[in-house]
Amino acid sequence: MFSAIVIDKNDDGQTVTLQQLDESQLPEGDVTIDVAYSTLNYKDGLAITGSSPVVRKFPMVPGIDLAGTVTESSHPEWKAGDVVVLNGWGVGEVHWGGLAQKARLNGDWLVPLPSAFTPKQAMAIGTAGYTAALCVDALVDWGITPDNGEILVTGATGGVGSVAIALLKKAGFSVAAVTGKPSEADYLTGLGADKIIDRAEMSEKGKPMQKELWAGVVDTVGSFTLANAIAQTKYCGAVAACGLAQGADLPATVMPFILRGVSLLGIDSVMAPKAPRLKAWDRLARDLDPAALETIGQEIGLSDAIDAAKKFMSGEVRGRYIVDVNR
Ligand code: NDP
């Protein structure tokens, strides 16, 4: 038997409970894993609170990522004892996920735990941090260098934003952080932010073309904030868009694209192929100071995760929740 959070649905709505399950109930897969740590991502918050139809199959064990040790494998790449990391691939949405002591997955979805990190540190990074690395890779691969100017990061105290700031700083960029939590200015400057911008300055409808301020942008919130960020991006700059914390809409015009050559780079972590995944984890292993993880992550037990998800969705939480699934 093992412990797992289970989301179910009946005529009265959605239920979320901590349950004891039998290993025989695990879904199909060629690799079985003893999970050490998972995390709460924004998507897990949506799934557990039921505030968005993230879960597409019931009953579902949520948790879009995990780190743990392989116990059984018929996949050629993995053997018992390997320590692995999983991000995305619909896990926690259509396939049982990481908020459990055991998981059974498709071995093609796994990457090796980078030697720079413990399983706990990998989950302090989680899908949020891995997505931040995908965003930074996208801007750098686009050709943006520190000489081009500052990078704007929105949703700065969130999981993606926090790690993006730390990675950008390490890569030599000057970083402006947009936050709705002015009280967290020290946290953000500690991570590497050079400038703090009040969220209110970005989150209302603005002009289609504004003063050119940013060489690049990592946007985690969408909506008017993303529209304003695009309108403030310098000639031939790029905006990596990965999130929708403010909204899924994009009330913008094409003017910055056609008059300034600004590019909008879409970032998806869920179905990203293996090469960019490994590249993103390489960047994290190389550039993320483990000390930064101490300030970004706070540990909770599996039994705390349901309540924590509700708090998380209220937008009050700073950084990331790491879930020790064995307590
Ligand atoms: P968090 O909840 O940790 O952070 C989101 C941050 O956005 C908050 O901390 C807050 O930061 C800011 N925010 C919250 N509400 C609003 C609002 N109404 N208007 C403007 N800003 C707001 O989430 P994550 O960092 O984990 O994820 C961020 C986004 O990225 C989410 O939308 C998530 O779904 C998405 N995502 C996408 C992935 C992909 O593959 N494309 C993968 C992972 C995440 P502050 O108070 O500092 O302003």
Side-chain angles (χ1 to χ4, degrees), residues 39-49 51-52 54 63-65 87-93 123-138 152-167 175-189 191 193 196-205 217-229 239-251 264-273 276-277 280 296-298 308-322:
T39 87
L40 283 184
N41 289 281
Y42 191 84
K43 203 180 251 178
D44 302 317
L46 293 174
I48 291 172
T49 59
S51 39
S52 183
V54 166
I64 65 167
D65 46 21
N87 300 103
W89 292 113
V91 171
E93 302 176 61
M123 285 300 102
I125 296 165
T127 296
Y130 144 67
T131 303
L134 289 174
C135 291
V136 175
D137 280 344
L152 183 74
V153 176
T154 65
T157 66
V160 178
S162 296
V163 176
I165 292 168
L167 291 178
V175 183
V178 180
T179 185
K181 303 186 191 79
S183 59
E184 297 293 355
D186 287 349
Y187 165 74
L188 293 170
T189 49
L191 287 174
I196 310 292
I197 296 173
D198 187 338
R199 187 200 286 174
E201 290 178 31
M202 298 291 298
S203 58
E204 301 295 327
K205 186 175 181 353
V217 179
V218 173
D219 178 64
T220 73
V221 305
S223 195
F224 286 121
T225 301
L226 174 56
N228 287 322
V239 178
C242 74
L244 42 59
Q246 182 179 3
D249 56 328
L250 176 50
L264 184 57
L265 311 174
I267 305 298
D268 170 55
S269 68
V270 179
M271 303 306 286
R277 279 173 195 266
I296 292 172
Q298 48 181 306
K310 293 173 191 158
K311 206 167 150 202
F312 189 71
M313 292 316 290
S314 69
E316 296 157 28
V317 177
R318 177 189 99 179
R320 320 226 339 100
Y321 279 125
I322 313 160

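Counting starts at 1 for both ligands and their atoms, following the listed order. Heavy atoms only: backbone and side chains are in, while hydrogens, waters and symmetry mates are out. Source: prediction; values computed, not measured.
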Ignoring hydrogens and angles, tell me if any N or O in the side chain of Thr39 forms a donor-acceptor pair with the backbone of Ala124 under 3.5 Å.
no
Taking the side chain from Arg320 and the backbone from Ile125, do they hold a donor-acceptor pair closer than 3.5 Å?
yes
Applying side-chain contact (heavy atoms from CB on, under 4.5 Å), can you list everything that pairs with Ala240, at least two apart in sequence or on another chain?
Cys135, Leu139, Ile267
In chain-and-number order, ligand 1 lies under 4.0 Å from a heavy atom of each of Tyr42, Ala128, Thr131, Gly155, Ala156, Thr157, Gly158, Gly159, Val160, Val178, Thr179, Gly180, Lys181, Arg199, Thr220, Val221, Cys242, Gly243, Leu244, Ala245, Gln246, Ile267, Asp268, Ser269, Phe312
Value rounded to 0.5 Å, distance of OG1 in Thr154 from CD in Gln246:
9.0 Å
Output for pair (Asn41 CG, Asn87 CG), nearest 0.5 Å, gives 8.0 Å
Can you confirm whether the side chains of Glu184 and Thr157 place a donor and an acceptor under 3.5 Å from each other?
no
